[in-house]
Amino acid sequence: MMEKETVTVTKEKLDFSTLEERLAELNATAFTRAERECRMEADPAPDITYSSAFRAKLAAEAMGVPQADISTLPIAEYASVVSRVLNFLLRPLAEKVIRQEN
């Protein structure tokens, strides 16, 4: 009887220190592609910007990794990444509002 071989897979930890810079390199095509993929997957978010799956897709594209690499992160790290994408997307609007109020 043959023994079952155990395979240990170590996943390289992603470095998100340049996430915002990489997001800035994306164009509208990346945004609409991620939006289309989410809509085809029946994402119920009325405003796609608030969908965590959408933000994970953008993060994956920016980082040059499959979305599964983002979606399988530990929950705290995943929440941090998708929150940073949301902050990146909304920052220009927030800055405009702040300028108008001053």
task = Applying side-chain contact (heavy atoms from CB on, under 4.5 Å), run through S80 and F16 and close with a yes or a no.
result = CA-CA 10 Å; S80 174; F16 291 102; over 6 Å; no

Point-to-point distance, once rounded to the nearest 0.5 Å, from CG of L89 to CZ of R55 = 8.5 Å

query = Would you say Y50 and L90 make side-chain contact, with heavy atoms under 4.5 Å?
reply = yes

note = Value for CD (E37) from CG (D43), rounded to nearest 0.5 Å, stands at 11.5 Å

key: Check: S51 side chain, F54 main-chain N or O, donor-acceptor pair, under 3.5 Å   = yes

ask   = Thinking salt bridges, do E41 and R36 make one under a 4.0 Å N-O criterion?
value = no

task = Decide yes or no for L14 and V81: does some side-chain heavy atom of the first lie under 4.5 Å from some side-chain heavy atom of the second?
result = no

With F88, the side-chain contact (heavy atoms from CB on, under 4.5 Å) member among L19, L58, L23 = L23

Co-membership, hydrophobic cluster, residues V82 and L86, 4.5 Å side-chain = no

request  = Provide the closest heavy-atom pair for Q67 versus A53 in the form atom of the first, atom of the second, distance.
outcome  = NE2-O, 3.8 Å

request  = Enumerate the residue pairs fulfilling side-chain hydrogen bond (donor to acceptor under 3.5 Å, both in side chains) with a member in residues 82-102, sequence neighbours excluded, ordered by first and then second residue.
outcome  = E20-R84

ask   = So, for L26 and E61, which heavy atoms are closest and what is the spacing to 0.1 Å?
value = CD2-CG, 3.6 Å

message = Please enumerate all residues that pass side chain to side chain contact (heavy atoms under 4.5 Å, CB included) together with T29, with sequence neighbours excluded.
response = N27, R33

key: Rounded distance (nearest 0.5 Å) linking atom OG of S17 with atom CZ of R22   = 8.0 Å

